[in-house]
Engineer: 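Below you will find the structure I want to go over with you.
Since the structure is predicted, the reported quantities are computational estimates derived from the model, not experimental observations.
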Amino acid sequence: MTYLIDFQDPGEANRWRAINDNVMGGVSRGGLTVEDGTGVFSGETSLENNGGFASVRRDPEAFDLARQAGMALRVRGDGRTYQLRLYTDQLPRGAAYRAEFQPTADQWQRIELSWQDFKPMFRGRLLEGIPPIDPAGIRQVGLMIVDRQAGPFRLELAWLDTP
């Protein structure tokens with residue numbers, strides 16, 4: 001089976017970049033590695049220096065998902081809340097459409113998110129007057145943890161696809 005993003009692909013780990021709260025003085029750390037064909041978004045969040053987030057973004061790529069109903073992920077979490085972030089040209093630089101999900105700890109599960117689950121956000125604030133996401137314009141995907149909790153985190157991903 002082919003997936004939109006498949007961590008079985010040996011080059012997938014090189015397509016992801018970390019963007020953590022150190023860009024604004026925080027000390028959280030996080031990144032994405034691939035272990036035995038599974039993507040692992042892990043690190044540690046810290047609330048010091050007004051920080052508290054860790055994120056990764058995949059290299060930009062045109063995803064024309066106009067005929068799709070949303071996104072699906074196969075994940076195993078740690079009980080913490082994560083965000084799937086989608087970047088389009090509809091939003092100002094740095095803003096994203098985000099949907100939150102909280103996978104059950106230590107259990108593989110499929111999570112489906114409809115386009116209506118994605119809200120336009122910039123630095124934790126809902127952007128008003130912005131149209132709903134245009135799935136034909138998705139240019140980049142990312143993951144973020146920003147649940148106002150300090151401590152280690154680990155989210156495992158088998159793949160990302162459409163429902």
Engineer: What residue among Gln83, Met121, Glu100, Arg98 forms side chain to side chain contact (heavy atoms under 4.5 Å, CB included) with Met144?
Structural biologist: Gln83
Engineer: Applying side-chain contact (heavy atoms from CB on, under 4.5 Å), run through Leu160 and Phe7 and close with a yes or a no.
Structural biologist: CA-CA 9 Å; Leu160 283 84; Phe7 291 97; 3.9 Å; yes
Engineer: Would you indicate whether Gln102, at its atom CD, is surrounded by more than 12 heavy atoms from other residues, nucleotides or ligands within a distance under 6.0 Å?
Structural biologist: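 Above 12, so yes.
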Engineer: Enter the distance from Trp16:CH2 to Phe41:CZ here, rounded to the nearest 0.5 Å.
Structural biologist: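 Trp16 atom CH2 to Phe41 atom CZ measures 9.5 Å (nearest 0.5 Å).
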Engineer: State the CG-CD distance between Asp134 and Gln90, to the nearest 0.5 angstrom.
Structural biologist: 5.0 Å
Engineer: Val146 and Val56: same hydrophobic cluster, using ILVMFWY side-chain contacts below 4.5 Å?
Structural biologist: no
Engineer: In terms of hydrophobic clusters joined by side-chain contacts under 4.5 Å, are Val75 and Val34 together?
Structural biologist: yes
Engineer: Spell out, as yes or no, whether a donor-acceptor pair under 3.5 Å connects the side chain of Asp117 to the backbone of Ala99.
Structural biologist: no
Engineer: Could you give the distance from CG (Asp78) to CD1 (Ile145), rounded to the nearest 0.5 Å?
Structural biologist: 6.0 Å
Engineer: Apply side-chain contact (heavy atoms from CB on, under 4.5 Å) to residues Tyr97 and Trp115 and explain how you reach the verdict.
Structural biologist: CA-CA 9 Å; Tyr97 286 92; Trp115 298 132; over 6 Å; no
Engineer: Between Ser28 and Asp21, is any side-chain donor less than 3.5 angstrom from a side-chain acceptor?
Structural biologist: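 Checked: Ser28/Asp21 side chains pair up, N/O donor to acceptor below 3.5 Å.
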Engineer: For residues Ile19 and Leu84: do they belong to one hydrophobic cluster (side chain heavy atoms under 4.5 Å, members Ile, Leu, Val, Met, Phe, Trp, Tyr)?
Structural biologist: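 Hydrophobic grouping puts Ile19 apart from Leu84.
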Engineer: Can we say Arg154 and Glu35 salt-bridge, meaning some charged N sits less than 4.0 Å from an Asp/Glu carboxylate O?
Structural biologist: yes
Engineer: Spell out, as yes or no, whether a donor-acceptor pair under 3.5 Å connects the side chain of Asn20 to the backbone of Gly30.
Structural biologist: yes
Engineer: So, for Phe118 and Met71, which heavy atoms are closest and what is the spacing to 0.1 Å?
Structural biologist: CZ-CG, 4.2 Å
Engineer: Should Glu12 and Leu32 be marked as a side-chain contact (heavy atoms from CB on, under 4.5 Å) after you check the CA-CA gap, both sets of side-chain angles, and the distance that decides it?
Structural biologist: CA-CA 10 Å; Glu12 190 60 37; Leu32 188 132; 6.0 Å; no
Engineer: Applying side-chain hydrogen bond (donor to acceptor under 3.5 Å, both in side chains) between Tyr87 and each of Arg57, Arg58, Gln140, Arg93, report the one that passes.
Structural biologist: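 Among Arg57, Arg58, Gln140, Arg93, the one meeting side-chain hydrogen bond (donor to acceptor under 3.5 Å, both in side chains) with Tyr87 is Arg57.
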Engineer: Does Leu73 belong to the same Ile/Leu/Val/Met/Phe/Trp/Tyr cluster as Phe153, with side-chain heavy atoms less than 4.5 Å apart forming each link?
Structural biologist: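 Yes, because Leu73 and Phe153 connect within a single hydrophobic cluster, where side-chain heavy atoms sit under 4.5 Å apart.
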Engineer: For a side-chain contact (heavy atoms from CB on, under 4.5 Å) check, start with the C-alpha distance between Trp159 and Gln8, then their side-chain angles and the critical distance, and finish with the verdict.
Structural biologist: CA-CA 8 Å; Trp159 48 256; Gln8 294 286 327; over 6 Å; no
Engineer: Does the side chain of Arg76 come under 3.5 Å of the side chain of Thr38 through a donor N or O and an acceptor N or O?
Structural biologist: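 Their side chains do not contain a donor-acceptor pair, so the 3.5 Å distance test is not met.
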Engineer: Taking Ile133 as the starting point, is it possible to reach Phe122 by hopping between hydrophobic residues whose side chains are less than 4.5 Å apart?
Structural biologist: yes
Engineer: Could you pull out the closest heavy-atom pair between Arg110 and Pro163, with the gap in Å?
Structural biologist: NH2-CA, 3.5 Å
Engineer: Taking atom CD1 of Ile130 and atom NZ of Lys119, what is their separation to the nearest 0.5 Å?
Structural biologist: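 These two atoms lie 13.5 Å from each other.
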Engineer: Would you give the length of the straight line joining atom CD1 of Ile5 to atom CG of Leu157, rounded to the nearest 0.5 angstrom?
Structural biologist: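 Separation between the atoms: 9.0 Å.
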Engineer: I need the single residue from Ile138, Leu65, Leu113, Leu91 that forms a side chain to side chain contact (heavy atoms under 4.5 Å, CB included) with Leu86. Which is it?
Structural biologist: Ile138
Engineer: Report the C-alpha separation of Tyr3 and Arg74 in whole Å, then their side-chain angles, then the decisive distance to 0.1 Å, and conclude whether the side chain to side chain donor-acceptor pair (under 3.5 Å) test is met.
Structural biologist: CA-CA 11 Å; Tyr3 298 106; Arg74 179 152 171 79; over 6 Å; no
Engineer: Tell me whether Asp59 at atom CG has more than 12 heavy atoms from other residues, nucleotides or ligands lying less than 6.0 Å away.
Structural biologist: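 Yes, the 6.0 Å shell around CG holds more than 12 heavy atoms from other groups.
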Engineer: Would you name the heavy atoms of Arg29 and Ala54 that are closest together and state the gap between them?
Structural biologist: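 In terms of heavy atoms, the two residues are closest at O-CB, 4.1 Å.
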Engineer: Donor-acceptor pair, distance only, cut-off 3.5 Å: does the side chain of Thr162 make one with the backbone of Gly70?
Structural biologist: no
Engineer: Any side-chain heavy-atom pair from Phe101 and Leu155 closer than 4.5 angstrom?
Structural biologist: yes
Engineer: To the closest 0.5 Å, what do you measure between CG (Asp6) and CG (Asp161)?
Structural biologist: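 Answer for the CG-CG pair, Asp6 versus Asp161, is 9.0 Å.
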Engineer: Check Arg85 against Ala96 and note the closest heavy-atom contact, atom names and distance.
Structural biologist: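 Scanning both residues completely, I find the closest heavy atoms to be NH2-CB, 3.8 Å.
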Engineer: Which heavy-atom pair separates Ala136 from Arg139 by the least distance, and what is that distance?
Structural biologist: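 Shortest heavy-atom separation between Ala136 and Arg139 comes out as O-NH1, 3.6 Å.
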